[in-house]
Amino acid sequence: GAVVSQHPSWVICKSGTSVKIECRSLDFQATTMFWYRQFPKQSLMLMATSNEGSKATYEQGVEKDKFLINHASLTLSTLTVTSAHPEDSSFYICSAWTLWGVAEGHFGDGTRLSIL
Amino acid sequence: KQEVTQIPAALSVPEGENLVLNCSFTDSAIYNLQWFRQDPGKGLTSLLLIQSSQREQTSGRLNASLDKSSGRSTLYIAASQPGDSATYLCAVNSSWGKLQFGAGTQVVVTP
C-alpha cells in the first residue's frame, strides 16, 4: 500500500533554531500535500496545502513566513519552522494525496518538535 | 464552515464489551469520511474510509456507518480488547484532501 515517510520523527532544539521536516511519498506521486499541527490534548488542525510546483496556501492564523513549505517534486514536500520558539512545540504531520485513484489521505508518522 | 464533533470525549469499558463511537458533522456535502486510530505520541492509523455514496464499511471487528443526510457516522468495535485502547479520530473530507478532524474519543479497555 501507499507509504508516506516523514523525517525526523522527533527533534529537540534551542529557541531561535530553524527546523526542517521532510515528507516523502514512497510509491506514488503526491500532487498535493497537507501539513497539520496537533497541540497536546487537541485534535489535528490543517496548517497549509502545497501543490507540486506552486506556492503553498496557508490556513487563517498560520504565519507563512514562519512556516516555510516547499513542494518542489511529486514525491517530496518540506516544512521549515524558522526561528522556532517554545510555543511552536507541537506534533507536525503531513498527508500526501494523488489525483489518481481513490481520494484518500496517506499520512506520515509525524514529527514531535520540542523547542527549549 | 465544516464542524466535526465526537461524542463521547472519553470512554472506558471492560474487555469484551462492544464500543460505539459517534461523529457528527455540520455540512453534508462531503467526499468521504475516515476513521483513524492514534496511539499516544504516535501518528495516525487509518481504520476505515467511507465514500459519500456508501452507507457503511467493515473491516474485521470494525464497522463504520455513514448517514450523510443527518451528518452522522458511527464506529462500532466488537468484542473490545485492551489493545484497542487509543484515541479514535473521525475526519471529514469536504474540500478535496483538506480533512476536518474531530477532537477524538479516548478509549480505554480494561482487562
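Residue numbers begin at 1 in each chain, while the letters A, B, ... track the order of the sequences. Values in this document were obtained by computation on a predicted structure and should not be read as measured data.
- By the rule that hydrophobic residues join a cluster once side-chain heavy atoms approach within less than 4.5 Å of another member, Leu89(B) and Trp97(A) end up as members of one cluster.
- Scanning both residues, Phe101(B) and Ser43(A), for their nearest heavy atoms gives CB-OG, 3.3 Å.
- Counting non-hydrogen atoms of neighbouring residues, nucleotides and ligands closer than 6.0 angstrom, the CZ atom of Arg61(B) exceeds 12 such neighbours.
- Using a 4.5 Å cut-off between heavy atoms, Leu44(A) contacts chain B through both its backbone and its side chain.
- Using a 4.5 Å heavy-atom cut-off against chain B, the contacting residues of residues 55-63 of chain A are Glu59(A).
- Trp35(A) is connected to Val19(A) through a chain of hydrophobic side-chain contacts under 4.5 Å among Ile, Leu, Val, Met, Phe, Trp and Tyr, so both are in one cluster.
- Using a 4.5 Å cut-off between side-chain heavy atoms of Ile, Leu, Val, Met, Phe, Trp and Tyr, with links allowed through other members, Met47(A) and Met45(A) fall into different hydrophobic clusters.
- Among residues 102-111 of chain B, the residues having any heavy atom closer than 4.5 Å to a heavy atom of chain A are, in sequence order, Gly102(B), Ala103(B).
- Atom OG of residue Ser95(A) and atom NZ of residue Lys98(B) lie 13.0 Å apart, to the nearest 0.5 angstrom.
- Across all their heavy atoms, Gln38(B) and Phe91(A) have their closest contact at NE2-CE2, 3.9 Å.
- Atom NZ of Lys42(B) has 12 or fewer heavy atoms from other residues, nucleotides or ligands within 6.0 Å.
- Both the backbone and the side chain of Leu44(B) come within contact range of chain A, judged by heavy atoms closer than 4.5 Å.
- Inspection of non-hydrogen atoms places Asp109(A), Arg112(A) of residues 109-116 of chain A under 4.5 Å from chain B.
- Hydrophobic clustering keeps Leu46(A) apart from Val4(B) (ILVMFWY residues linked when any side-chain heavy atoms are closer than 4.5 Å, directly or through intermediates).
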Open item on the list: Show, in sequence, the C-alpha distance, side-chain angles and deciding distance for Leu99(B) and Phe107(A), and conclude whether the side-chain contact (heavy atoms from CB on, under 4.5 Å) test is met.
Closed with: CA-CA 11 Å; Leu99(B) 299 187; Phe107(A) 283 83; 3.7 Å; yes

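- There is no contact between Gln6(A) and chain B, counting heavy-atom distances below 4.5 Å.
- The contact list for residues 79-89 of chain A toward chain B, using heavy atoms and a distance under 4.5 Å, is empty.
- Residues Leu68(A) and Phe34(A) do not share a hydrophobic cluster, defined by chaining ILVMFWY side chains whose heavy atoms lie under 4.5 Å apart.
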